[in-house]
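In what follows, a structure is listed as structure tokens, so that the remarks can point back to it.
From a predicted model like this one, the values you see are computed outputs, not experimental measurements. Within every chain, numbering begins at 1; the chains are lettered A, B, ... in the order of the sequence lines, protein sequences first and strands thereafter.
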Amino acid sequence: MKEVIPMDYNSERIEKKWQDYWYSRDFFKAEDFGEKPKYYALVEFPYPSGTGMHVGHFRAYTSLEVVSRKRRMEGYNVLFPIGFDAFGLPTENYAMQRGVHPRKVTDQNIEIFTEQIKRTGFSFDFSRIVDTTDPDYYKWTQWIFLKMFEHGLAYRDKTKVNFCPDCRVVLSNEESQGGVCDRCGSTVEKKEKDVWFLRITKYAERLLEGLEELETLPRIKTEQENWIGKSEGAEILFPIEGANDKLKVFTTRSDTLFGVTFMVVAPEHPVLDKLEGKITNMDEIRSYRKKAEKKSEMERADETREKEGIRIEGVQALHPFTKARLPIFVADYVMMDYGTGAIMAVPGHDERDHAFAKKYGLGIKEVIAGGDVDKEAYTDVENGTLVNSFFLDGLFVKQAIEKMNERLKKEGLGGAVTSYKMKDWAFNRQRYWGEPIPIVHCEKCGMVGVKEEDLPIRLPDLERFAPNREGESPLANIESFVETTCPSCGGKARRETDTMPQWAGSSWYFLRYIDPGNDSELANYHKLKYWLGVDWYNGGMEHVTRHVIYSRFWHQFLYDIGVVPSREPFKKRTAQGLILGSDGDKMSKSKGNVVDPAEIIDTCGADTLRLYILFIGDYEQATPWNENGLKGCRRFLDKVWRLQEKAHAKKDDKEIETLLHKTIEAVDTDIEETKFNTAIAKLMTFANEAAKSEGITKDTFLTFLKLLNPFAPHIAEELNERLGHREPLVKSSWPEVDERLLEEERITIVFSVNGKVRDKREVQKDIGKDELEKMALENERVKKFIEGKTIVKVVVVPGRLVNVVAK
RNA sequence: GCCUGGGUGGCGGAAUUGGUAGACGCGUUGGACUUAAAAUCCAAUGGUAUGUCACAUACCGUGCCGGUUCGAGUCCGGCCCUAGGUACCA
């Protein structure tokens, strides 16, 4: 190319050109068992909604797109796949409203998404696309479920669900806020239903342990730990007077057992039904139960509200050691699904219990010395020592807990247990657009898993997607689907008609990318061994607890049954923040603040969008969209385009050379630390300096283009070609830093008096401490500010500052 | 309510993790170029006050109140606001 005057930067033409070039030559295809070191970069696959891609998707993908392009330049065999999490409610609702089959809607949406992804120049391996709604895919989702069922990890149990009597559907908490159905406004009922659960609690401890191997922000770990909610405590059995039943409580403070003055059970506690005959105020309790049922868990857990309860008349518990009679209350601040659904109340040393005791005039007993328990609960567990507690007297809390737990065990009254806040995973929906649960109900054999060779259990074609009158899935209406034979005895049987939640397909999709076409196993073991674990997994902040825990659980199970070779699926997890509308609100159609990325590509180009989406702010933080910031990124690329006119110098200035290597170093580390915004800022700084200079060498410009390439690959490739290079950047190598150029000989030292900066001086780097102190004290400006004061001390921090403290 | 983040100029955000607050971008103002505009380039840009007012100086300034330290945006305690999660939204 010998153009003297470069053409204007025509992003549209350039982007089309290079996308065709890359995609037609399969540059981004990952090679199974390739010889280069492997790198698996994973982004959360999208739900292909009808509105096309959201700018949030771009923020989520561009980060690892940059990393993937950088890794290829660094010599890795990169697997950077994409797919679609396409089961789910919105599609089904759309289908119900418009009468279009979800399959058709999904296929259309996937096509739109794929086109948009390609127009952005993302370097995904498109030969590995997975779609969770494809029977070849969900066959394996069902297969995993079957294996869990075989291993006793999938079971049915009764639970209360939100049910809308008008829409005849089970609703999520989100859909039934304030006890009102989201769609029709009628009052939501609680309905008891048989639902499927996955026994994730069995993996609680391992899910906790596995976090040690996960490289991630501490906060992401903490959030998962809190979700699992491990707490070490004890179970204690309290006999019930005049009954054979015992009340089992969970407590983390078994040391305070002698301070118990009453008991509290959850409104749902089965003991209430069992003792129905003895309880004299059952009517009152029943109406309290009804009231509690209407409240959300959040309302019930509200610690600021006044705790209320009902005293159970006619029944009392007995203290396991002293045999003292203890009144029992029903109160909705005790939850049935945490611990045992019953607590022992120690008002002397628990704030909630204290408030409750005051309200109902119950006794308060001091068992830990140090406070005034009549006034407030005394909760110091570090220094408190036990009193009024027989064999525990004089012990510290920690010792007392240990001793009490041993004693409880010895006497058959309970003992140490570990409890988890995490609940088993409700794993079914009464919907059409999900994976059918591969179970058959046989009158003789009960619940039987279908035979593996009969998988997948395909979704039948439907024309109507509304649930039936009982709130069962629409599949229940299809006789040809429901009626089947028992895989075990061959007799008449009915298929399970519930489907799986959307979490199912997304719990293992990253395994399928490794071997997407396999029809004899979910993925080949050797291929899994080559590619796993996922080196870097990025997704939404909103997924760091549930989705990540769920998929780790599935992975651990698959490891246990020998299907996958690694205990943990992910090595590193990051999370991007939300992009808000330019008004600072969450983007939503109703607010009219939605930004359409396709439009941005049309007007500014994909490279500009890619740059801006990362330059917009701190990657982990939510940030508003700003049209002007976008303009700035386009201007930057225009400037880069014009730099080609400068790239004819024979030799670089020393400053440019140093700056280039500083830039290499900074861009490199910033990318690895997800500080994409500052990486781009440093590229801008370099471009500004280069533009101001007399000229830069072609080599320097090439190095700069290589740094820019992961962010804005189209323009970088084009300029690289214009420089006369045959080798495209997609095949080139990542620049290396020349450490020698980074060392500066002269540095700026700050002189301050009482912490306030008063002067600065440039000095040799290796100047001595004493000399620095001398310089500071002789400095005119420093002198001015210490005049009339006595010097108390001088703090010298070599390489940074001298602070003179004077009074 | 509970768990986890965040709060820094007019705006988005930087700050080597206790050591020069405000990098980079936007916006604004002034200037250059132009018949003109756009584009581009150059310069200024946290606030207040004072003076000898194109310059200089001082004080204040990182949500609020308090603390630790020679020194705090950064650490500690309390509070306010805000975002995500809270188990059938994904």
Taking only the side-chain heavy atoms of [X] (C-beta and beyond), determine which of [options] contains the nearest atom.
X: N626(A); options: C11(B), U86(B), C2(B); answer: C11(B)
X: N173(A); options: C88(B), C70(B), A87(B); answer: A87(B)
X: R642(A); options: C42(B), C41(B), C26(B); answer: C41(B)
X: K675(A); options: A15(B), G19(B), C88(B); answer: A15(B)
X: E542(A); options: G85(B), U4(B), U57(B); answer: G85(B)

Hey, is [N] sitting syn or anti, using the within-90° cutoff around 0?
N: C80(B); answer: anti
N: G9(B); answer: syn
N: U17(B); answer: syn

Going by atom types only, do E225(A) and W227(A) share a side-chain donor-acceptor pair under 3.5 Å?
->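 On atom types as modelled, these side chains do not qualify, holding no pair under 3.5 Å.
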How would you label the contact of [X] with the nucleic acid (heavy atoms, under 4.0 Å): base, sugar-phosphate, or nothing?
X: R781(A); answer: sugar-phosphate
X: I616(A); answer: sugar-phosphate
X: N162(A); answer: nothing
X: N803(A); answer: base
X: W625(A); answer: nothing
X: W425(A); answer: nothing
X: E620(A); answer: nothing
X: R219(A); answer: sugar-phosphate
X: Q621(A); answer: sugar-phosphate
X: Y47(A); answer: nothing
X: R300(A); answer: nothing
X: D638(A); answer: nothing
X: H547(A); answer: nothing
X: M684(A); answer: sugar-phosphate

Looking at V802(A), V804(A), N803(A), which hits side chain to side chain contact (heavy atoms under 4.5 Å, CB included) with S752(A)?
->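 Answer after filtering V802(A), V804(A), N803(A): N803(A).
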Find the distance [X]:[atom1] to [N]:[atom2] and express it as a whole number of Å.
X: L683(A); N: A23(B); atom1: CG; atom2: P; value: 18 Å
X: Y338(A); N: C3(B); atom1: OH; atom2: P; value: 13 Å
X: I747(A); N: U16(B); atom1: CD1; atom2: P; value: 17 Å
X: R199(A); N: A87(B); atom1: CZ; atom2: P; value: 21 Å
X: K682(A); N: A14(B); atom1: NZ; atom2: P; value: 11 Å
X: R758(A); N: A58(B); atom1: CZ; atom2: C1'; value: 8 Å
X: R800(A); N: U74(B); atom1: CZ; atom2: C1'; value: 13 Å
X: K421(A); N: C2(B); atom1: NZ; atom2: C1'; value: 7 Å

Determine the Euclidean distance between corresponding [atom1] atoms of [M] and [N]; express it in Å to zero decimal places.
N: U50(B); M: G73(B); atom1: C1'; result: 29 Å
N: G9(B); M: G31(B); atom1: C1'; result: 24 Å
N: C3(B); M: U8(B); atom1: C1'; result: 26 Å
N: A37(B); M: G30(B); atom1: P; result: 13 Å

Between N628(A) and D85(A), just flag the one whose closest nucleotide in RNA chain B comes earlier from the 5' side.
->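 Per heavy-atom nearest nucleotide, the more 5' residue is N628(A).
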With RNA chain B as reference, determine whether N677(A) or L580(A) sits nearer its 5' end, using the nearest nucleotide of each.
->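 That would be N677(A).
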Among Y47(A), F87(A), Y550(A), F427(A), which one satisfies ring-ring contact (aromatic ring centres under 6.0 Å, His included) with W503(A)?
->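 Passing option: Y550(A).
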Using Watson-Crick or G-U wobble geometry with both distances below 3.5 Å, tell me the partner of [N], or none.
N: A56(B); value: U50(B)
N: G18(B); value: none
N: C2(B); value: G85(B)
N: A43(B); value: U29(B)

Evaluate the ring planes of F45(A) and Y509(A), with Trp represented by its six-membered ring, and classify them as parallel (under 30°), tilted (30 to 60°) or perpendicular (over 60°).
->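 Plane angle under 30°, so parallel.
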Between R781(A) and D759(A), is there a donor-acceptor pair closer than 3.5 Å when you use the side chain of the first and the backbone of the second?
->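 No: the side chain of R781(A) does not pair with the backbone of D759(A).
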Quick one: which of T62(A), N538(A), T674(A) gives a side-chain hydrogen bond (donor to acceptor under 3.5 Å, both in side chains) with Q576(A)?
->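 Considering T62(A), N538(A), T674(A), a side-chain hydrogen bond (donor to acceptor under 3.5 Å, both in side chains) with Q576(A) is found only for N538(A).
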State plainly whether the residues D670(A) and K682(A) are in salt-bridge range, i.e. N to O under 4.0 Å.
->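 Judged by the 4.0 Å cut-off on N to carboxylate O distance, D670(A) and K682(A) do form a salt bridge.
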Non-hydrogen side-chain atoms of K423(A) and T201(A) separated by less than 4.5 Å =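 No - every pair of side-chain heavy atoms lies 4.5 Å or more apart.
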